[in-house]
Amino acid sequence: MQWASSPNYRRGRQGRDIIAIVNHITAGLMPGTLSWLRNPAARASAHYLVTKSGVVYQLVKDEDTAWHAGIVNRPDWVLYDGSNPNCYTLGIEHEALAGEVLSEAQYKASLELHRQLVQKHNIPVDHAHIIGHCNLDSVNRKNDPGPGFPWDRLFNELTGSDVSASSSEIDIVAGDKSIKGFLQTDKAYGPAREIAMALGWQVEWLSQARRVVLIPPSKGRGPDNQDVSIIVAGTGIVAVMRGDTAYAPLRQMAESMGCQLSWDEKTRTVKIREA
């Protein structure tokens with residue numbers, strides 16, 4: 001690992017602990033991309049840069065705040081708490097253009113870097129704690145690090161096997177009821193019917209359309225939408241089916257219901273309450 005300091009950082013982390021790693025691609029190539037991350041005019045940086053040749057540069061110390069997360073825009077990261085994610089994440093840039101896959105040397109270097117950081121900072125190996133920039137900005141960074149990023153291989157090699165179902169299980173508190181959910185591909189999911197009923201909503205299942213319709217208390221049914229699996233007061237959400245249960249992405253579901261969502265890292269619990 002080579003040290004290549006960047007001036008684009010803030011000393012310390014405002015009292016926050018490091019809880020996650022955010023992966024990026026540079027959308028540029030060496031040596032220009034390293035030069036740009038060290039240019040004060042860029043007002044951007046990352047803690048690490050992994051090049052195509054497998055060289056790893058550290059630009060900002062782990063204990064300091066690098067400027068890698070940018071503007072948060074429609075995030076779907078379950079651990080996002082509304083504050084600046086730079087303060088509690090590590091940023092890893094990978095030299096690559098849009099749509100490119102990592103070279104083998106680059107992947108192996110990134111894997112070893114992830115191993116070191118996971119061990120050093122006690123970061124859980126799951127899709128909530130190792131994410132992409134796209135999970136913080138699903139609008140302007142939806143292809144960062146892009147579909148070519150080797151998520152499955154990375155998680156498999158970090159854990160020695162597939163990420164188990166038990167490691168992804170979470171608790172959901174909706175109203176006064178505790179419900180089981182899971183983490184999958186960077187999102188927290190929960191059973192739509194149980195959550196809705198716990199919050200006093202009516203639930204309808206349209207079997208032919210494979211659609212769940214959630215109706216607010218004391219309100220009529222919202223319009224159907226042919227292209228979605230769940231309709232929450234007229235808002236469409238894509239669900240994941242497990243057996244005969246529809247699991248909805250919790251943040252989207254809660255926001256559509258006008259509810260507030262929070263995440264308790266210590267207990268791995270998502271709490272949903274009326275706003």
Side-chain angles (χ1 to χ4, degrees), residues 1-72 77 83-123 125 129-137 140-146 148-151 153-155 157-158:
M1 185 180 298
Q2 300 183 28
W3 176 252
S5 62
S6 171
N8 303 326
Y9 75 96
R10 184 175 61 243
R11 189 177 300 277
R13 288 185 170 272
Q14 297 185 342
R16 302 296 297 273
D17 294 327
I18 297 169
I19 66 168
I21 297 170
V22 182
N23 285 284
H24 307 254
I25 58 169
T26 57
L29 300 176
M30 291 288 290
T33 192
L34 176 60
S35 177
W36 179 246
L37 290 171
R38 302 178 70 193
N39 187 335
R43 298 194 61 79
S45 62
H47 292 92
Y48 300 93
L49 168 64
V50 185
T51 69
K52 288 178 176 289
S53 64
V55 175
V56 178
Y57 292 93
Q58 182 166 12
L59 291 81
V60 177
K61 294 179 180 178
D62 288 8
E63 58 266 30
D64 292 328
T65 302
W67 300 339
H68 65 94
I71 297 173
V72 176
W77 183 34
S83 63
N84 184 351
N86 285 327
C87 296
Y88 47 96
T89 62
L90 292 165
I92 302 178
E93 287 279 4
H94 297 82
E95 178 195 3
L97 299 176
E100 287 188 333
V101 299
L102 305 189
S103 71
E104 186 62 18
Q106 187 176 29
Y107 168 75
K108 289 181 177 178
S110 183
L111 172 63
E112 182 57 33
L113 176 59
H114 276 80
R115 283 176 173 154
Q116 294 174 12
L117 297 177
V118 162
Q119 181 175 15
K120 179 180 178 181
H121 299 290
N122 196 29
I123 297 172
V125 179
H129 296 85
I130 302 176
I131 67 171
H133 194 180
C134 55
N135 300 115
L136 292 170
D137 183 353
N140 300 307
R141 302 292 182 178
K142 60 184 179 181
N143 291 313
D144 185 6
F149 194 79
W151 290 111
R153 184 182 178 188
L154 178 64
F155 281 110
E157 295 198 42
L158 285 174

Are the side chains of [X] and [Y] in touch, meaning some heavy atoms are under 4.5 Å apart?
X	Y	result
Y57	E93	no
K120	L90	no
H94	P145	no
P85	V22	no

Between atom [atom1] of [X] and atom [atom2] of [Y], what is the distance when rounded to the nearest 0.5 Å?
X	Y	atom1	atom2	value
N135	R141	CG	CZ	14.0 Å
L102	L111	CG	CG	11.0 Å
E112	E157	CD	CD	11.0 Å
Q119	L158	CD	CG	12.0 Å
N143	H133	CG	NE2	12.5 Å
F149	H24	CZ	NE2	10.0 Å

Can you see which heavy atom on [X] is nearest to which on [Y], and at what distance?
X	Y	answer
Q58	V60	NE2-O, 3.1 Å
A66	Y9	CA-CB, 4.3 Å
A69	L136	CB-CD1, 3.9 Å
A109	G54	CB-O, 3.4 Å
I123	L117	CD1-O, 4.0 Å
I25	L97	CD1-O, 4.0 Å

Whether the side chain of [X] engages the backbone of [Y] through a donor-acceptor N/O pair (distance < 3.5 Å, no angle test) should be reported.
X	Y	result
Q106	E95	yes
S6	L59	no
T89	I21	no
R43	N8	no
N86	H68	yes
R13	C87	yes
H47	D64	yes
S45	W67	yes

Salt bridge or not for E104 and R153, using N-O below 4.0 Å?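 Yes, E104 and R153 are salt-bridged.
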Between L29 and K52, does a side-chain contact (heavy atoms from CB on, under 4.5 Å) hold up when you go through it step by step? CA-CA 9 Å; L29 300 176; K52 288 178 176 289; 3.7 Å; yes
Any residue meeting side chain to side chain donor-acceptor pair (under 3.5 Å) with K61, in chain and number order, not counting sequence neighbours: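 With neighbours one apart ignored, the set is empty.
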Working note: T51 + T33, criterion side-chain contact (heavy atoms from CB on, under 4.5 Å); need CA distance, chi angles, decisive distance, verdict. CA-CA 10 Å; T51 69; T33 192; over 6 Å; no
Checking side-chain contact (heavy atoms from CB on, under 4.5 Å) for the pair S83/Q14: CA distance, chi angles, key distance, verdict? CA-CA 11 Å; S83 63; Q14 297 185 342; over 6 Å; no
Classify the ring geometry between Y88 and W77 as parallel (under 30°), tilted (30 to 60°) or perpendicular (over 60°).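 The arrangement is parallel - the two ring planes meet at less than 30°.
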Begin from the C-alpha positions of D137 and I71 and carry the test side-chain contact (heavy atoms from CB on, under 4.5 Å) through to its verdict. CA-CA 7 Å; D137 183 353; I71 297 173; 5.5 Å; no
Kindly state each residue pair satisfying ring-ring contact (aromatic ring centres under 6.0 Å, His included) with at least one member in residues 100-119, sequence neighbours excluded.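 ring-ring contact (aromatic ring centres under 6.0 Å, His included) check on residues 100-119 returns no pairs.
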